[in-house]
Number of protein chains: 2
Amino acid sequence: MEERSISDVIEAYLKSILGDDPKIEIRRAEIADHFDVVPSQINYVIKTRFNLQNGYLVQSKRGGGGYIRIERVNLLDDSDVLEMVIDSIGTAISEKDAIRIINTLYEEKLISHREGDLMLVAISKATLKQDDRRAEARLRARILVALLTRLRYE
Amino acid sequence: MEERSISDVIEAYLKSILGDDPKIEIRRAEIADHFDVVPSQINYVIKTRFNLQNGYLVQSKRGGGGYIRIERVNLLDDSDVLEMVIDSIGTAISEKDAIRIINTLYEEKLISHREGDLMLVAISKATLKQDDRRAEARLRARILVALLTRLRYE
DNA sequence: CCCTTCTTGACTAATCTTGACCTTAATGAT
DNA sequence: ATCATTAAGGTCAAGATTAGTCAAGAAGGG
């Protein structure tokens, strides 16, 4: 995977550390300094690449001895996590967030490449396009939740 | 092959790069600059020459480190059959007819049991339920067509 | 001439980067 | 104990950097 932006580089760096251990703790200022970016950029990377929909749990603490803890969660072993993902979808979801979830399912080997593609086309903007954007997001949520629920109880 | 327009030249250029690798990533502004055309011309070339019907998948990202990714995909043997099924669906389809089609796909071994289940969930009345029955049938047709279209390629 | 395809650019949208300002926690002085 | 200080991380919005859309006009081919 080509790293085009510094955010991509930081993402790859954090994931390389995560390769060893399923859980890491970093100090935000340290990472920011290492890549010569402002500290809030680390928040941006975490928010866009290490959220629950991507299969990560993040906790942090401020003040002296503060840290950011990133943990890779396994959707297979932890059926609660899949339920959390379903809950996080709620009654509406954007195409982008839905894609993120399906990608995670594939990376976690819960679904095959082809199954993932089928799910992707079923929830895609091109397929569901409606006049009312909110109606589209609600519909997408219903379909995705139905698909995930099916995966949960097979 | 006679290239009579700059769009043809750009098409040939992109395909020559694709000769090596089944997947390439370009920066729109770079290609546009190289051929001295406006950036949106690249979109035109991609839209008219690198769409799914022509056997190409295209993905892109905007913003810093943005790109356009073009991937060549292979048509499957059953592609023609699927196209005929797609044509028969038209713009609307009932749940019963959709189930019949998906069952046939499974019996013909075009899809696995699990893929069939996922497709069934995606087009089921329970998932798509709408006030307007015709709108529901139209939506179901769009989703089913999208799924079948995906099955035509690998 | 008419119709399709191509070319161009103004406007829009998504993503990334940066920095000012805010909140929380630990520590030490009184 | 209380409060000020210091040391973290959080939020948000503006600006920068790409790509996308759309429609008007030009160019080509019957």
Side-chain angles (χ1 to χ4, degrees), chain A residues 1-14 24-54 56-71 93-100 103 124-126 129 131 133-134 136-137, chain B residues 1-14 24-54 56-71:
Chain A
M1 190 199 296
E2 294 278 304
E3 289 99 17
R4 295 179 175 69
S5 61
I6 187 69
S7 287
D8 286 339
V9 176
I10 297 171
E11 174 191 3
Y13 173 73
L14 293 176
I24 60 171
E25 275 186 14
I26 59 172
R27 276 190 295 138
R28 186 180 78 153
E30 202 170 78
I31 304 291
D33 202 55
H34 186 262
F35 290 102
D36 197 29
V37 297
V38 295
S40 61
Q41 176 118 29
I42 309 305
N43 295 85
Y44 175 76
V45 172
I46 285 172
K47 190 176 174 185
T48 55
R49 286 136 162 103
F50 292 90
N51 51 37
L52 182 60
Q53 302 179 340
N54 276 321
Y56 295 92
L57 269 181
V58 177
Q59 300 166 301
S60 63
K61 203 172 86 172
R62 307 186 190 186
Y67 58 82
I68 298 178
R69 179 184 304 155
I70 304 176
E71 183 179 0
I93 187 172
S94 70
E95 182 188 38
K96 190 173 28 169
D97 286 343
I99 289 174
R100 224 176 258 155
N103 272 335
S124 79
K125 206 179 204 64
K129 190 160 191 58
D131 294 337
R133 284 191 176 189
R134 301 200 179 172
E136 180 187 315
Chain B
M1 188 203 299
E2 201 87 349
E3 286 103 12
R4 65 187 198 293
S5 66
I6 187 69
S7 286
D8 286 339
V9 177
I10 297 171
E11 174 191 4
Y13 173 73
L14 293 176
I24 60 170
E25 282 185 7
I26 60 172
R27 276 194 298 137
R28 187 180 78 153
E30 203 170 75
I31 303 292
D33 203 55
H34 186 263
F35 290 102
D36 198 30
V37 296
V38 294
S40 60
Q41 176 117 29
I42 310 305
N43 295 86
Y44 175 76
V45 172
I46 285 173
K47 191 175 174 186
T48 54
R49 284 129 162 113
F50 293 90
N51 52 37
L52 196 57
Q53 293 305 314
N54 281 324
Y56 294 93
L57 266 181
V58 177
Q59 299 168 298
S60 65
K61 200 163 96 171
R62 307 185 193 185
Y67 59 83
I68 298 176
R69 177 184 304 157
I70 304 176
E71 183 179 0

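Since we're looking at a predicted model, the values are computed, not measured. Atoms considered below: every heavy atom in the structure, side chains included; atoms not considered: hydrogens, waters and symmetry mates. Lettering follows sequence order; numbering is per chain, from 1.
- Atom OH of B:Y67 and atom P of C:dT15 are 10 Å apart (whole Å).
- With a 4.5 Å cut-off on side-chain heavy atoms, A:K125 and A:E136 count as touching.
- Rounding to whole angstrom units, CZ of residue A:R69 and P of D:dG10 are separated by 13 Å.
- Contact of B:R28 with D:dG20 (side chain to base): a donor-acceptor pair of N or O atoms is detected under 3.5 Å.
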Protein proximity profile, nucleotides 1-10 of chain C - base contact B, sugar-phosphate-only contact S, no contact -, cut-off 4.0 Å on heavy atoms: ----SBBBB-
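- Residues forming a side-chain hydrogen bond (donor to acceptor under 3.5 Å, both in side chains) with B:E71 (at least two apart in sequence, or on another chain): none.
- The salt bridge (charged side-chain N to carboxylate O under 4.0 Å, His left out) test applied to A:R27 returns A:E30, not counting sequence neighbours.
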Using a 3.5 Å cut-off and no angle test, enumerate the donor-acceptor pairs between side-chain atoms of residues 35-47 of chain A and protein atoms at least two apart in sequence or in another chain.
| unit_1 | atom_1 | unit_2 | atom_2 | d |
| --- | --- | --- | --- | --- |
| A:Q41 | NE2 | A:S7 | OG | 2.8 |
| A:N43 | OD1 | A:R28 | NH1 | 2.6 |

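- Shown here are the side-chain contact (heavy atoms from CB on, under 4.5 Å) partners of A:R62, two or more places apart in sequence or in another chain: there are none.
- When the side-chain hydrogen bond (donor to acceptor under 3.5 Å, both in side chains) test is applied to B:R49, the partners found at least two apart in sequence or on another chain are B:D8, B:E11.
- A:D33 pairs by the side-chain hydrogen bond (donor to acceptor under 3.5 Å, both in side chains) definition with nothing, not counting sequence neighbours.
- Atom CD in A:E95 sits about 13 Å away from atom C1' in C:dA14, given to the nearest Å.
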Just the atom pairs and distances: protein N or O near nucleotides 25-27 of chain C's N or O, under 3.5 Å.
| unit_1 | atom_1 | unit_2 | atom_2 | d |
| --- | --- | --- | --- | --- |
| C:dA25 | O4' | A:R62 | O | 3.4 |
| C:dA26 | OP1 | A:K61 | NZ | 3.1 |

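- Put simply, CD1 on B:I31 is 14 Å from P on D:dT18, counting in whole angstrom units.
- Using a 4.0 Å cut-off, some side-chain N or O of B:S60 falls inside it from OP1 or OP2 of D:dG20.
- B:Y56 meets the ring pair (Phe, Tyr, Trp, His ring centres under 6.0 Å) test with B:F50; sequence neighbours excluded.
- When the C1' atom of D:dT18 is taken as reference, atom CD1 of B:I68 falls 10 Å away, rounded to whole Å.
- Taking atom CD1 of B:I46 as the reference point, atom C1' of D:dT18 lies 14 Å away to the nearest angstrom.
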